[in-house]
Amino acid sequence: MKFTKLNFNLFTAIAAVSASSIVGFGQNATGGIGGDEYHVNTYKEFRDALNNNGNPNGPKIIYIDSPINGRILDDGTVMTAEGLVPGFNFQKYIDCFIDDGYTWSNTEECNKIEELRKQGVPLQGKQTNVNITPNTIIIGNDDDAIIEEVNFQVKNISNVIIKNLYMESPNDLFPYWEPNDGAQGTWFPEYDSITIRNSTNVWIDNCYFTNGKKTVDKAPLAFGRYVELHDGVIDIVVQSDDITISNNRFENHKKALLIGNSDSRTTDRDSLKVTIHNNVFINCNERLPRVRYGRVHIFNNYYYAETFNPVYKSLTVDNYYHSDNVFPCYFIGIGVESNILSEYNSFNYIGDDKILPADDILVYSYGGYIFHDNGSEFNGQSYDLDAVAKKSFELKVKNKLDQINVSGGKIPFWVNATFTSETFEPTEFYNYNAMKNLDDVNDLINKVPFWMFDNESDDETNEIINVSDIEVEDDQDSENEEVTSTLFN
Ligand SMILES: *[C@@H]1O[C@H](CO)[C@@H](O)[C@H](O)[C@H]1NC(C)=O
Ligand SMILES: *[C@@H]1O[C@H](CO)[C@@H](O)[C@H](O)[C@H]1NC(C)=O
Ligand SMILES: *[C@@H]1O[C@H](CO)[C@@H](O)[C@H](O)[C@H]1NC(C)=O
Ligand SMILES: *[C@@H]1O[C@H](CO)[C@@H](O)[C@H](O)[C@H]1NC(C)=O
Ligand SMILES: *[C@@H]1O[C@H](CO)[C@@H](O)[C@H](O)[C@H]1NC(C)=O
Ligand SMILES: *[C@@H]1O[C@H](CO)[C@@H](O)[C@H](O)[C@H]1NC(C)=O
Ligand SMILES: *[C@@H]1O[C@H](CO)[C@@H](O)[C@H](O)[C@H]1NC(C)=O
Ligand SMILES: *[C@@H]1O[C@H](CO)[C@@H](O)[C@H](O)[C@H]1NC(C)=O
């Protein structure tokens, strides 16, 4: 049985050990330990709890006890595009692009639709976005901890822990079509599950992120393709720092994890330090993660993608016969001034006899040239990922110069850089123990996040953690790490 109810005391205990079980750059996060506790069952109760009785900056622990759906307004009615802006109709918006999507019909009716669309954007934002307050733990209490159609905004704050949630990606009601972006045009949907902006000390652990039933093939068709209604899962931007993403499952989504969102934001240079460990990525197409500027440590993650998946098919530059004039799928994207260490990850990319898997799924360079891998495997074999990264960077330089030669533009500094495998050293920042046996990494698919795979009854669950072993500790001792690791047994 999936989604077993775990009892309250158990989760109090897990919340209590939080501080001592974080590994990586997010290790100083304490969330709301010692603060007031809230049990919330509705979106309004959740927002009220974040306000903490008028002391939003004070510590607080918020238990999500019931499913929360951001589409449900406080009066119980359901938010729709037409309800927010009467007269708007998404199909009419699509139909205003003629010539297979390339040309906007400049009619009075279409311009009115566009005006309504623009009015709808902030109205949906007000309902879908929720500002998380500092010094907060948000923790799923059991299998009802389901968050839908909500974008957690962690903005300008510090010290947030998010654990044990099922988060289904929010859907944009008013996405924007840009016919001239890329060879085939691009949809620009808003809303991630979690947006971390200008914020520090964040730990996201044991969550399940997925598009759920609202996969892209359930969206309307436009110009021969499905409309993309989802943005990222987690975006980490604008000088955010000291973040750990651990023990989560990311499944059936296009763009998963973005770290740094602008090549020109040089103020990100000394931040965007993120640790990504023990996660499972299944049929996500790109950004696992995609990094600009950051120092990112990626260890013990399990990756899986398919060339033949009917909905979340992953195709790389090599699958497209070496054309870089496409948006390729990839696992790790190394962007401008990024510095990335990958260790003991299990990368799996499966093809059929029509489209074979290509190794350029592993690392794709967007101008990044600092990358090293220790001990990872590709489809069960050890593999030289540094060589893949180097080749991708050199191809990017060539393509960039060719493109500038044809279309003009400024030559970026990195065209002169030399690929290097000398990355930062995580142990200068924290201690960690990577699992070196890849069988253990492959086994994560059966364990992460732990609450999804807990088949035991409530009583037996108590044996999984011996509560008497758990004490609130504020140091990083190994005893507590052992207690935490029993969560996954
Ligand atoms: C955490 O706190 C310690 C002690 O204040 C500090 O030295 C360290 O730089 C902080 N950051 C990380 C990522 O450990
Ligand atoms: C975050 O800070 C920026 C810059 O000061 C400000 O424009 C923005 O409104 C702030 N956002 C929130 C949610 O406080
Ligand atoms: C970051 O947040 C702080 C408040 O915590 C604010 O003063 C600052 O302007 C923000 N910076 C940016 C770039 O948004
Ligand atoms: C892993 O890479 C780091 C950073 O480059 C290096 O210091 C370490 O010796 C490597 N370990 C192994 C086992 O290759
Ligand atoms: C740019 O194009 C010209 C003419 O086609 C060619 O001679 C030159 O080598 C190209 N430069 C680069 C950097 O590719
Ligand atoms: C790359 O190096 C060449 C030769 O030193 C130099 O002329 C050119 O300006 C450099 N380009 C960039 C974008 O830094
Ligand atoms: C536990 O649940 C998982 C996921 O539903 C299932 O694959 C597995 O077989 C179950 N294990 C046991 C021992 O029942
Ligand atoms: C829990 O831990 C205590 C103290 O270490 C021990 O006495 C007890 O037997 C343990 N209980 C179980 C069920 O393992």
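The residues of the chain are indexed from 1 along the displayed sequence. The structure displayed is predicted, hence computed values, not measured ones. Just follow the structure's listing: the first ligand is 1, and inside any ligand the first atom is 1.
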Report task. Can you sort out the partners of Lys254 under salt bridge (charged side-chain N to carboxylate O under 4.0 Å, His left out), two or more places apart, ordered by chain and number? Result -> Glu286
Query raised in the report: Is the Phe429 to Phe25 ring centre distance short of 6.0 Å?
Result: yes
Requested in this report: Would you please indicate if the ring centroids of Phe299 and Tyr432 are separated by under 6.0 Å?
Outcome: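 Distance test on ring centres: under 6.0 Å, yes.
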Query raised in the report: For Tyr293, which residues count as a ring pair (Phe, Tyr, Trp, His ring centres under 6.0 Å) partner, sequence neighbours excluded?
Result: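 Partners of Tyr293 under the ring pair (Phe, Tyr, Trp, His ring centres under 6.0 Å) test: none.
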Query raised in the report: What atoms of ligand 3 come closer than 4.0 angstrom to any heavy atom of Asn198?
Result: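 Per the distance check, 1 (C), 2 (O), 3 (C), 8 (C), 10 (C), 11 (N), 12 (C), 14 (O).
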**Report entry** Aromatic ring pairing Tyr63/His39, orientation class (parallel under 30°, perpendicular over 60°, tilted between)
**Finding:** parallel
Report task. Indicate yes or no: does an N/O atom of Asn156 lie under 3.5 Å from an N/O atom of ligand 3? Result -> yes
Query - Cationic N near anionic O, under 4.0 Å, Glu114 to Arg117 - result: yes
Query raised in the report: What atoms of ligand 6 come closer than 4.0 angstrom to any heavy atom of Ile411?
Result: 13 (C)
Query - salt bridge (Lys or Arg N to Asp or Glu O under 4.0 Å) partners of residues 170-192, not counting sequence neighbours, each pair once - result: none
Which protein N or O atoms sit under 3.5 Å from any N or O of ligand 1? Give each pair with its distance.
residue, atom, partner, partner atom, Å
ligand 1, 2 (O), Asn28, OD1, 3.2
ligand 1, 2 (O), Asn28, ND2, 2.3
ligand 1, 11 (N), Asn28, ND2, 2.9
ligand 1, 14 (O), Gln27, NE2, 2.6

